[in-house]
Number of protein chains: 2
Amino acid sequence: MAKKISTEDKILKSAQEIFHHKGFEGARMQEIADKAEINKGLLHYYYKSKDKLFESVFNIALKQMLSKLNEVLREEIDLFTKIEKLVDSYITVLSINTFIPNFVFQEINRNPDFFIEKFRKFNTNEGIKVFEKQIEEETAKGTIIKIDSKQLIINIISMSIFPFMAKPMAIGILELTEKDYKKIIDDRKKLVAKFTINAIKK
Amino acid sequence: MAKKISTEDKILKSAQEIFHHKGFEGARMQEIADKAEINKGLLHYYYKSKDKLFESVFNIALKQMLSKLNEVLREEIDLFTKIEKLVDSYITVLSINTFIPNFVFQEINRNPDFFIEKFRKFNTNEGIKVFEKQIEEETAKGTIIKIDSKQLIINIISMSIFPFMAKPMAIGILELTEKDYKKIIDDRKKLVAKFTINAIKK
DNA sequence: GTCTATAGCTGGATAGAC
DNA sequence: GTCTATCCAGCTATAGAC
């Protein structure tokens with residue numbers, strides 16, 4: 001038998017859909033209530049305010065964006081394998097949650113200073129540190145070219161995330177169909193890693 | 001003597017600042033009027049509605065993002081030189097208009113289908129086509145590895161634009177100062193081109 | 001062209017019945 | 001827990017004086 005979905009879950013799911021597409025300012029509590037098939041009163045019964053509801057949605061989104069990344073970054077595998085795994089699993093995660101990057105960066109930019117602090121304190125950077133060290137070791141050993149570890153990380157992340165954020169522009173300018181676009185994204189799971197390794201290996 | 005700034009210009013400048021930072025939904029006509037040191041009535045005298053004012057701001061932003069890019073893409077220079085020039089001039093342009101990418105992509109995503117059409121019709125893709133052809137020729141000649149031209153373009157653009165969009169996250173997670181960040185961006189004017197050429201040259 | 005005042009609506013939040 | 005009704009603040013847009 002189908003598991004009964006609680007009202008609270010229905011609200012959260014609806015709120016995610018609306019907030020992800022329209023952002024905090026563009027979202028309407030009425031629209032969220034409609035999508036959840038309840039009324040505004042009940043919405044406020046579960047989540048005291050729009051801010052509170054938004055906070056829940058945002059924190060989940062941030063976690064979806066960072067936890068997988070952090071997980072892979074910490075694994076004890078060799079650099080090239082890690083880059084391959086990183087790109088593949090990250091693009092896979094984002095393929096399921098296509099709207100997350102746009103949503104997250106949009107909201108961060110409404111309040112940049114707050115988030116800089118949040119990232120500094122948060123444990124987001126454990127994985128990054130492990131990865132940075134690993135890059136520096138390989139550079140010292142001479143297996144890869146001399147490159148600033150932060151720059152390399154920025155390159156990998158950029159190529160993995162940006163295509164999701166630029167989807168409508170890419171489709172329009174590169175004259176793609178929805179299917180073309182999907183294919184391109186899927187190909188990137190291998191391509192971005194190859195490209196990166198080509199660029200840095202000696 | 002100092003050129004007198006017309007009221008209309010003052011309004012546009014103020015509107016850009018507010019819209020770029022807060023987006024259409026987050027922007028308030030009152031705030032724009034305050035920044036321009038006029039009252040709301042006068043705002044509506046020059047620009048009939050918030051929509052109209054927004055449209056002006058958005059179209060300028062889109063142009064700032066695409067025209068330089070398109071210009072370089074069409075030049076008749078060899079592939080590697082073009083990549084170098086492309087990255088350098090593009091990062092330079094965005095360094096002056098840091099908020100443009102976030103603003104543009106946020107607004108595009110509020111209305112993706114409308115913009116897909118706009119890009120299709122617009123002459124945005126002339127340059128892209130020239131560049132695609134050039135890549136394919138070099139691939140055929142064997143001077144560079146076999147790579148889908150669209151994927152290569154996506155990589156270059158991703159590495160050029162994304163760091164601006166992710167600024168607060170980068171500063172927080174990579175533990176940078178504002179100065180570090182500026183240095184990293186500046187270094188990327190050369191680094192991204194080198195990285196790309198390394199990745200594709202045989 | 002520029003200002004003040006205000007109309008008119010929208011949307012978040014609460015009260016209170018069931 | 002769930003609903004309806006309603007309050008009230010905030011916002012765009014307009015009217016009208018100067």
Side-chain angles (χ1 to χ4, degrees), chain A residues 1-61 99 103 106-111 114, chain B residues 1-61 99 103 106-111 114:
Chain A
M1 66 201 173
K3 186 90 165 283
K4 192 173 172 287
I5 303 154
S6 73
T7 304
E8 197 167 353
D9 281 357
K10 264 203 313 199
I11 291 174
L12 193 64
K13 280 263 179 297
S14 308
Q16 286 178 316
E17 207 160 314
I18 305 291
F19 278 131
H20 288 175
H21 283 82
K22 312 204 168 180
F24 178 81
E25 296 285 356
R28 297 289 167 257
M29 293 298 265
Q30 184 62 60
E31 209 180 345
I32 294 171
D34 289 348
K35 185 157 291 244
E37 294 174 300
I38 52 155
N39 55 75
K40 272 197 294 178
L42 199 52
L43 234 184
H44 280 88
Y45 172 81
Y46 281 99
Y47 295 85
K48 279 270 154 296
S49 66
K50 188 182 180 184
D51 280 279
K52 289 258 191 303
L53 178 54
F54 175 80
E55 218 185 307
S56 303
V57 171
F58 183 84
N59 286 334
I60 293 170
F99 297 96
F103 169 64
Q106 168 183 348
E107 297 305 329
I108 286 176
N109 267 59
R110 288 199 312 130
N111 222 336
F114 171 79
Chain B
M1 65 202 174
K3 187 92 164 282
K4 193 173 171 286
I5 303 154
S6 72
T7 305
E8 197 168 353
D9 281 358
K10 265 203 314 199
I11 291 175
L12 192 65
K13 280 262 177 298
S14 308
Q16 286 178 315
E17 207 162 315
I18 304 292
F19 278 132
H20 288 176
H21 282 83
K22 313 205 168 180
F24 178 81
E25 296 284 357
R28 297 290 166 256
M29 294 297 265
Q30 184 62 62
E31 209 182 343
I32 294 171
D34 288 348
K35 185 157 294 248
E37 294 172 300
I38 52 154
N39 54 74
K40 275 195 294 178
L42 199 53
L43 235 183
H44 280 89
Y45 172 81
Y46 281 99
Y47 294 86
K48 277 270 154 296
S49 65
K50 188 182 179 182
D51 280 279
K52 288 259 190 304
L53 179 52
F54 174 80
E55 219 186 306
S56 302
V57 171
F58 183 84
N59 285 335
I60 293 169
F99 297 97
F103 169 65
Q106 168 183 348
E107 296 305 330
I108 286 175
N109 267 61
R110 289 198 311 129
N111 223 335
F114 170 78

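None of these values were measured; they are calculated from a predicted model. Letters A, B, ... mirror the listed sequences (proteins, then strands); counts begin at 1. Every heavy atom of this structure was used, including side-chain atoms; hydrogens, water molecules and symmetry mates were not.
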d([atom1], [X]; [atom2], [N]) in whole Å:
X	N	atom1	atom2	result
A/Arg28	C/dC9	CZ	P	17 Å
B/Leu43	C/dG1	CG	P	14 Å
A/Lys52	C/dT14	NZ	P	11 Å
B/Glu25	C/dT10	CD	C1'	12 Å
A/Ile18	C/dG12	CD1	P	12 Å
B/Glu37	C/dT2	CD	P	13 Å
B/Gln30	D/dA9	CD	P	17 Å
B/Ile11	C/dG1	CD1	P	11 Å

Determine whether a donor-acceptor pair (one donor, one acceptor, N or O, separation below 3.5 Å) exists between the side chain of A/Lys40 and the base of C/dG11.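 Answer no: no donor N or O sits under 3.5 Å from an acceptor.
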Using a cut-off of strictly less than 4.0 Å, decide whether [X] has a side-chain nitrogen or oxygen near OP1 or OP2 of [N].
X	N	value
B/Thr7	C/dG1	no
A/His44	C/dA13	yes
B/Ser49	D/dT12	no

Name the closest nucleotide to the [X] side chain, picking from [options].
X	options	value
A/Met29	C/dA13, D/dT12, C/dC3	C/dA13
A/Leu42	C/dG12, C/dT2, D/dT2	D/dT2
B/Tyr46	C/dA13, C/dT2, D/dT4	C/dT2
A/Asn39	C/dA13, D/dC3, C/dT2	D/dC3

A quick test of your reading: do over 12 heavy atoms of other residues, nucleotides or ligands sit less than 6.0 Å from NZ of A/Lys10?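 Yes - once you tally the heavy atoms of other residues, nucleotides and ligands closer than 6.0 Å, there are more than 12.
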Does NZ belonging to A/Lys35 count more than 12 external heavy atoms closer than 6.0 Å?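 Open.
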Any side-chain heavy-atom pair of A/Asn39 and A/Tyr45 under 4.5 Å: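 No, their side chains stay 4.5 Å or more apart.
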Describe the nucleic acid contact of B/Ala33 in one word from base, sugar-phosphate, nothing, applying a heavy-atom distance below 4.0 Å.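 The residue B/Ala33 makes no contact with any strand.
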Please work out which of the three classes, parallel, tilted or perpendicular, describes the rings of B/Phe24 and B/Phe19, given edges at 30° and 60°.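 Geometry flag for B/Phe24 against B/Phe19: parallel rings.
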Angle between ring planes, B/Phe103 versus B/His20, binned at 30° and 60°: parallel, tilted or perpendicular?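 The rings of B/Phe103 and B/His20 sit tilted, inter-plane angle from 30° to 60°.
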